[in-house]
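Read through the structure below, which is laid out as structure tokens, and then see the notes.
First listed ligand is number 1; within each ligand, the first listed atom is number 1.
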Amino acid sequence: MAKAKSTTSEQTGEPSKQRETIVVVDFGSQYSMLIARRIRELNIYCEIIPPQTDSNILQEKHVLGIILSGGPFSVYEDNAPNVPEWVFESGLPVLGICYGMQIMAEKLGGTVIPENIREYGSAKIKQTEQTSLLFSDLSEALDVWMSHGDRISETPDGFQILANSDNSPIAAMADPDRNYYGLQFHPEVVHTPSGKKILSNFAKNICKLSCDWTPASFIETSTSEIRTRVGTASVICGLSGGVDSAVAAALVHQAIGENLTCIFVDTGLLRANEAEEVIELFVKQKNWDIHVVDASERFFDQLKGITDPEIKRVRIGNLFVKVFEENAKNIENADFLCQGTLYPDVIESALHGSGSAKIKTHHNVGGLPENMAFELLEPLRLLFKDEVRNIGTELGLPDNIVWRQPFPGPGLAVRIIGEVTQEKVLILQAADLILDEEIKNANLYRDLWQSFAVLTDTKTVGVMGDFRTYGYALAIRAVTSEDAMTADWARLPYDLLARISNRIVNEVEGINRVSYDITSKPPGTIEWE
Ligand code: XMP
């Protein structure tokens with residue numbers, strides 16, 4: 001078979017000519033993604049781009065404003081990234097944040113000097129120029145978050161100082177004639193309470209954007225682009241029960257209806273009732289064309305005797321691709337494979353893809369079999385998770401799908417330490433279901449990034465009634481996170497933990513001890529394997 005054709009964002013159905021864009025030129029700040037999120041919260045489409053991007057982006061994406069991000073560099077370092085030439089030739093409004101402000105100053109003829117002491121943390125700034133559009137409707141003194149080594153000692157010609165702080169005589173600057181603005185502090189972080197208003201002022205007052213990028217407008221544009229691209233061909237989608245594949249499929253279904261065929265592979269490693277819920281919703285209620293494949297025996301067969309987490313992952317991944325391929329080849333006229341890839345993955349591989357060490361082999365249910373002759377359709381590749389949820393709701397998907405917590409492709413296999421057997425899966429599913437019920441009853445489900453049970457391979461002694469027991473120790477994992485790159489263990493109330501533990505030990509045969517995982521990420525990972 002031919003190699004899968006690579007896809008570009010253009011092929012995935014963008015841009016709409018009318019959609020207005022702000023781009024964030026990424027200089028490596030840990031906050032770049034956050035800037036994009038804040039802008040998008042204003043109903044403005046925002047994309048993060050590397051400094052090497054060429055000027056075609058301005059036309060292609062209908063860019064109406066540019067933000068220069070912070071970054072770990074000093075402008076005088078040899079390898080310090082530079083502002084693309086086109087930024088100051090475009091005539092567009094530019095907002096430089098931290099390093100972005102310093103490189104702007106340096107480029108335009110100002111002076112940047114190293115600070116003896118790095119300024120890090122909360123600071124108070126005072127406006128010195130009360131009429132700036134950037135600070136309109138904000139009080140004179142503002143709490144902000146600083147994190148910088150260098151600072152600007154002299155503004156470029158045409159600039160005025162907008163605000164100062166004890167440590168930064170130039171905490172904000174502007175050349176209102178050219179619409180250039182610079183902030184020494186970070187408006188995108190929550191520790192700058194008026195940051196969102198400042199970004200909104202930049203977008204609305206200075207870039208004059210109409211802020212009409214909503215879930216409804218996204219769906220309209222995206223479905224029409226999918227229709228144009230797919231024509232009369234068929235699209236295959238691997239449905240996993242997770243929110244990303246469900247929303248991607250729903251979008252494609254909205255666009256092309258019965259020309260979408262979904263494949264749902266029951267690996268036997270799903271959460272309790274998951275397969276039934278997917279079938280109930282998509283097959284019985286929505287009447288979609290879905291091939292449900294029960295391959296659980298084959299998966300258990302592949303996992304027999306395997307205890308190494310990486311080998312488990314690879315075997316599951318390979319078998320998944322095989323099962324998917326076997327079923328996909330029977331679908332006629334299928335030129336496209338739809339995947340629920342999200343923006344953080346796209347950005348992660350575009351900006352930092354090559355260098356990072358592999359911690360775990362990741363694969364997604366519905367992942368692209370590498371040698372299949374499909375064109376990729378990734379209608380969510382520009383969206384963050386919360387945006388995907390909004391689109392899902394707008395498309396009429398129920399809350400239990402839209403708000404489902406992330407679930408790893410290899411399923412419960414990476415939550416069963418040691419050999420995976422059907423018996424262990426049943427034990428874990430039962431415990432996980434209780435945990436799920438209790439977390440939902442406590443109204444915490446949506447606040448947690450993930451909450452799940454892990455079946456250890458340790459057996460411990462206990463006593464129930466007058467009898468000695470010898471059962472598995474189960475671990476509970478509940479974490480809060482923004483994006484799964486880092487996570488903290490959730491401070492669940494003791495009473496809730498007590499209820500979960502009591503219920504699991506009493507109701508699930510085979511488990512006689514429950515512990516709570518209090519490891520953050522890093523140094524731990526979210527999943528145990
Ligand atoms: P870790 O365990 O690496 O997980 O901290 C980070 C996030 O990724 C999920 N995860 C996966 N998702 N395929 C996926 O689609 C996988 O193979 C996979 N492994 C882990 C995990 O649940 C967490 O949200």
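Between the side chain of E274 and the backbone N or O of R271 there is at least one donor-acceptor pair closer than 3.5 Å. In this structure a side-chain-to-backbone donor-acceptor pair under 3.5 Å is present from S481 to A484.
Salt-bridge check for D244 with R389: failed, with every basic side-chain N at 4.0 Å or more from each acidic carboxylate O.
For ligand 1, one of its N or O atoms has an N or O atom of Q450 under 3.5 Å away. Residue I526 has at least one nitrogen or oxygen atom sitting less than 3.5 Å from a nitrogen or oxygen atom of ligand 1, judged on distance alone.
A distance below 6.0 Å separates the ring centres of Y45 and W213. Between F374 and F336, the distance from one ring center to the other does not fall under 6.0 angstrom.
If you number the atoms of ligand 1 from 1 as listed, the ones under 4.0 Å from a heavy atom of P410 come out as 16 (C), 17 (O). Residue-ligand proximity, R313 to ligand 1, at heavy-atom distances under 4.0 Å covers atoms 16 (C), 17 (O), 18 (C), 19 (N), 20 (C). Atom numbering of ligand 1 starts at 1 in the shown order; those under 4.0 Å from a heavy atom of K521 are 1 (P), 3 (O), 5 (O), 6 (C). Each of the following atoms of ligand 1 lies closer than 4.0 Å to a heavy atom of W449: 24 (O).
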